[in-house]
2 protein chains.
Amino acid sequence: MAAAKSDLPQGTLDLLILKAVAVEPVHGYAIAQRLEQVSRGVVQVPEGSLYPALHRLENRGFLAADWKKTETGREAKFYRLTRKGRKQLETEAASWQRLIEAVGLILGVADGGAQ
Amino acid sequence: MAAAKSDLPQGTLDLLILKAVAVEPVHGYAIAQRLEQVSRGVVQVPEGSLYPALHRLENRGFLAADWKKTETGREAKFYRLTRKGRKQLETEAASWQRLIEAVGLILGVADGGAQ
DNA sequence: TGTCCATCCCTTGCGCTTCTAGGCATCTTC
DNA sequence: GAAGATGCCTAGAAGCGCAAGGGATGGACA
């Protein structure tokens, strides 16, 4: 059923996470909340997707993490973008742009089914 | 020049195939060529991705197929959109729109949206 | 005639990512 | 001290795209 739930296409999550972290160091739980909020609920990131993704990105050197206290007084792992990660963010953002342009061409070019 | 190789995110291929078939019945080989051509080489569909995808879509009742002769005189499997498939195309196209808008919000690509 | 290339179809197995479904620990509130 | 929110994590299953195989046909060309 077409709920607001939108399974993210493979690879997109990485891009979104990198972008979310680029602004300022954030911890995982807040990343999910921020993505959902900014996207107006369209993007929903279950924790089972989020944390593995964060670990992947950290393993590849795109993110680095430090434990700090949150506003609520709890210890949390704050991720920040490395230099390599910033470059990766640019690359993926460019790829994304190229992709949506290409898909746009395909979806829009043939006026055959234009409603 | 280096072709812009772009691994398609999971699920995107279905949408593109449905759209390609929507205009008129086409056979698999031509679908791949058309997608690559219309997208200006950005979208490339290897046969190992294409045919399984076609079979999936046929299995789910989104596509139907008939063997016909091509212009070049060879037998080929021409796929066409079923009623269910057309509905699916609309659904997926809408999902895609919603997604790129959401990602756009997060990336801040909208003019002045960044902050 | 025989060979090569382009066209056209297909399958298997791998790798990758996402999601479901759990568990664990801390802090606040009642 | 129980409950709920916060915050982190893992294991397993499922799905999809891709590389790398293979086969069959028709036309071009020597």
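Each chain gets a letter, A, B and so on, in the order the sequences are listed, and its residues count up from 1.
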Test item: B:T12 side-chain N/O and B:L8 main-chain N/O as donor-acceptor pair under 3.5 Å: no
Strictly distance-based, threshold 3.5 Å: is any side-chain N or O of B:T70 a donor or acceptor partner for the main-chain N or O of B:A76? no
Please compare B:S49 and B:Q33 by the position of their nearest nucleotide in DNA chain C and report the one closer to 5'. B:Q33
Spacing between B:L50 atom CG and C:dC10 atom P, to the nearest angstrom: 9 Å
Between C:dC9, D:dT6, D:dG17, which one does the side chain of B:L13 approach most closely? D:dG17
Minimum heavy-atom separation for A:L54 and A:G28, please, with both atom names. CD1-CA, 3.8 Å
Using heavy atoms and a sub-4.0 Å distance, could you list which residues of residues 52-60 of chain A are near DNA chain C? By number, please. A:R56, A:R60
Between B:Y79 and B:V21, the two heavy atoms sitting closest are O-CG1, 3.4 Å
Please work out if B:G48 contacts a base, only the sugar-phosphate, or nothing of the nucleic acid, heavy-atom cut-off 4.0 Å. base
Between C1' on D:dC16 and CG on B:L8, what's the gap in Å once rounded to a whole number? 11 Å
Tell me if a side-chain donor or acceptor on B:K84 pairs with a main-chain N or O of B:L63 at a distance below 3.5 Å. no
Using only atom types and a distance under 3.5 Å, with no angle test, would you say the side chain of A:T91 pairs donor to acceptor with the backbone of A:K87? yes
Separation of C:dC27 atom C1' from A:E71 atom CD, nearest Å, is 15 Å
Rounded to whole Å, CD of A:E75 lies from P of C:dC27 at a distance of 8 Å
B:I31 CD1 to C:dC10 C1': how many Å, rounded? 15 Å
Under 3.5 Å, N/O pairs linking protein and nucleotides 21-26 of chain D:
residue, atom, partner, partner atom, Å
D:dT25, O2, B:R74, NE, 3.0

Could you walk me through whether A:Q33 and A:Q37 pass the side chain to side chain donor-acceptor pair (under 3.5 Å) check? CA-CA 6 Å; A:Q33 290 185 324; A:Q37 187 180 347; over 6 Å; no
Contacts of type ring-ring contact (aromatic ring centres under 6.0 Å, His included), residue B:F78, not counting sequence neighbours: B:H27
Looking only at atom types and distance, does a side-chain atom of B:T82 sit under 3.5 Å from a main-chain N or O of B:F62, one as donor and one as acceptor? yes
Atom NE2 of B:H27 and atom C1' of C:dT7: how far apart are they, to the nearest Å? 8 Å
Measure the distance from OH on A:Y29 to C1' on C:dA25 and round it to the nearest whole Å. 14 Å
I need the OH-P distance between A:Y51 and D:dC8, as an integer number of Å. 4 Å
